[in-house]
Amino acid sequence: MAPSHLSVREMREDEKPLVLEMLKAGVKDTENRVALHALTRPPALLLLAAASSGLRFVLASFALALLLPVFLAVAAMKLGLRARWGSLPPPGGLGGPWVAVRGSGDVCGVLALAPGSSTGDGARVTRLSVSRWHRRRGVGRRLLAFAESRARAWAGGMGEPRARLVVPVAVAAWGVAGMLEGCGYQAEGSWGCMGYTLVREFSKEL
């Protein structure tokens with residue numbers, strides 16, 4: 001699909017169930033890789049081993065004592081990711097959410113933005129997801145270009161000293177990170193757990 005065949009507009013209320021399913025599907029594609037990355041770090045392995053050792057005094061089954069901490073850790077991480085990225089945020093100062101639509105009317109992507117936490121931080125992408133059937137066809141780049149134009153317009157209207165866009169990316173989403181770097185974004189920060197990165201932040205001066 002060529003980017004010229006795509007349009008971006010505000011989401012209609014009747015499209016909300018479809019968009020929510022798209023967001024949830026996007027999180028599912030990432031959550032297992034994020035969980036594997038996080039739980040194979042040395043501090044996490046030590047904590048899981050300690051929990052398993054403690055449970056062996058309570059549970060009769062060695063296998064259950066070994067697997068239960070892993071299951072609970074994976075479940076907690078997945079629930080956290082789904083709560084953070086698998087739902088629609090309320091409309092913010094930049095409007096939206098927006099959807100990418102094919103010429104035939106098929107919704108194939110979703111975007112949401114929010115202002116940064118302080119003056120000069122610019123705008124942040126809070127949701128960016130593309131239907132798995134439309135990936136690698138320019139939808140993500142089209143939504144990103146729209147986000148940049150909205151960020152510029154918002155910064156000008158608010159008298160912000162600079163126009164800037166920040167995009168958080170899960171550590172396992174290498175395709176998204178590559179797309180951002182190809183569009184001129186640079187990794188500027190990260191956050192995670194126990195000293196290990198789970199989410200990287202890419203930014204671009206507009």
Side-chain angles (χ1 to χ4, degrees), residues 1-13 15-16 18-20 22-23 26-27 30 81 84-132 134-171 173-191 197-206:
M1 183 197 310
S4 59
H5 294 160
L6 294 167
S7 61
V8 180
R9 57 166 171 76
E10 285 204 61
M11 182 191 74
R12 298 196 304 257
E13 188 63 28
E15 293 168 337
K16 188 174 181 178
L18 175 62
V19 168
L20 283 171
M22 191 183 304
L23 288 170
V27 171
T30 304
L81 288 171
R84 184 177 180 89
W85 286 332
S87 60
L88 277 171
L94 282 85
W98 295 275
V99 291
V101 183
R102 291 183 57 185
S104 59
D106 293 335
V107 174
C108 54
V110 58
L111 166 74
L113 299 169
S117 56
S118 60
T119 302
D121 283 351
R124 295 180 62 86
V125 171
T126 58
R127 303 290 188 279
L128 177 60
S129 185
V130 176
S131 167
R132 67 182 62 184
H134 297 275
R135 292 173 188 168
R136 301 185 182 277
R137 298 181 180 180
V139 180
R141 289 178 181 271
R142 178 70 180 87
L143 285 169
L144 188 62
F146 180 84
E148 292 176 0
S149 68
R150 290 292 303 183
R152 289 191 196 96
W154 175 79
M158 296 294 292
E160 288 278 326
R162 58 178 177 170
R164 183 169 176 265
L165 186 62
V166 179
V167 187
V169 179
V171 70
W174 303 115
V176 178
M179 179 191 74
L180 290 171
E181 290 172 343
C183 292
Y185 286 77
Q186 294 183 339
E188 68 162 12
S190 62
W191 57 268
T197 298
L198 295 181
V199 175
R200 294 186 295 167
E201 291 192 338
F202 290 80
S203 68
K204 180 180 179 181
E205 301 291 333
L206 306 174

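Small disclaimer: the values here were computed from a predicted structure and weren't measured.
Among all heavy-atom pairs drawn from A151 and R164, the shortest one is CB-O, 4.2 Å. R135 approaches G26 most closely through the heavy-atom pair NH2-CA, 4.1 Å. The nearest pair of heavy atoms linking A177 to V169 is N-CG1, 4.2 Å. Taking each heavy atom of L113 and V125 in turn, the nearest pair found is CD2-CG2, 3.6 Å. When all heavy atoms are compared, the tightest approach of A114 to T126 is CB-CG2, 3.7 Å. Of all the heavy atoms in L94 and R150, the pair that sits closest is O-NH2, 2.8 Å.
Looking only at side-chain heavy atoms (C-beta outward), V130 and R137 stay at 4.5 Å or farther from each other. F202 is not listed as a side-chain neighbour of V176, based on a closest heavy-atom distance of 4.5 Å or more. For the pair L144 and V167, the minimum side-chain heavy-atom distance is below 4.5 Å. Residues C108 and L6 have side chains in contact (heavy-atom distance under 4.5 Å, counting atoms from C-beta outward).
Evaluation of the side-chain contact (heavy atoms from CB on, under 4.5 Å) rule for R136 yields no partner, not counting sequence neighbours.
Atom CZ of R127 is separated from atom CG of L23 by 7.0 Å, given to the nearest 0.5 angstrom. Within the model, atoms NE2 of H134 and CZ of R142 stand 15.5 Å from one another, a figure rounded to the nearest 0.5 Å. Between the CG atom of L128 and the CE atom of M179 there is a distance of 6.0 Å, given to the nearest 0.5 Å. Distance CD/E15 to CG/L20: 12.0 Å, rounded to 0.5 Å. With values rounded to the nearest 0.5 angstrom, W154 atom CH2 is found 11.5 Å from L206 atom CG.
Within the 3.5 Å criterion, the main-chain N or O of E148 finds no donor-acceptor partner in the side chain of K204.
Among V19, V101, V107, the single residue meeting the side-chain contact (heavy atoms from CB on, under 4.5 Å) criterion with M11 is V19.
Around atom CD of Q186, no more than 12 heavy atoms belonging to other residues, nucleotides or ligands sit under 6.0 Å away.
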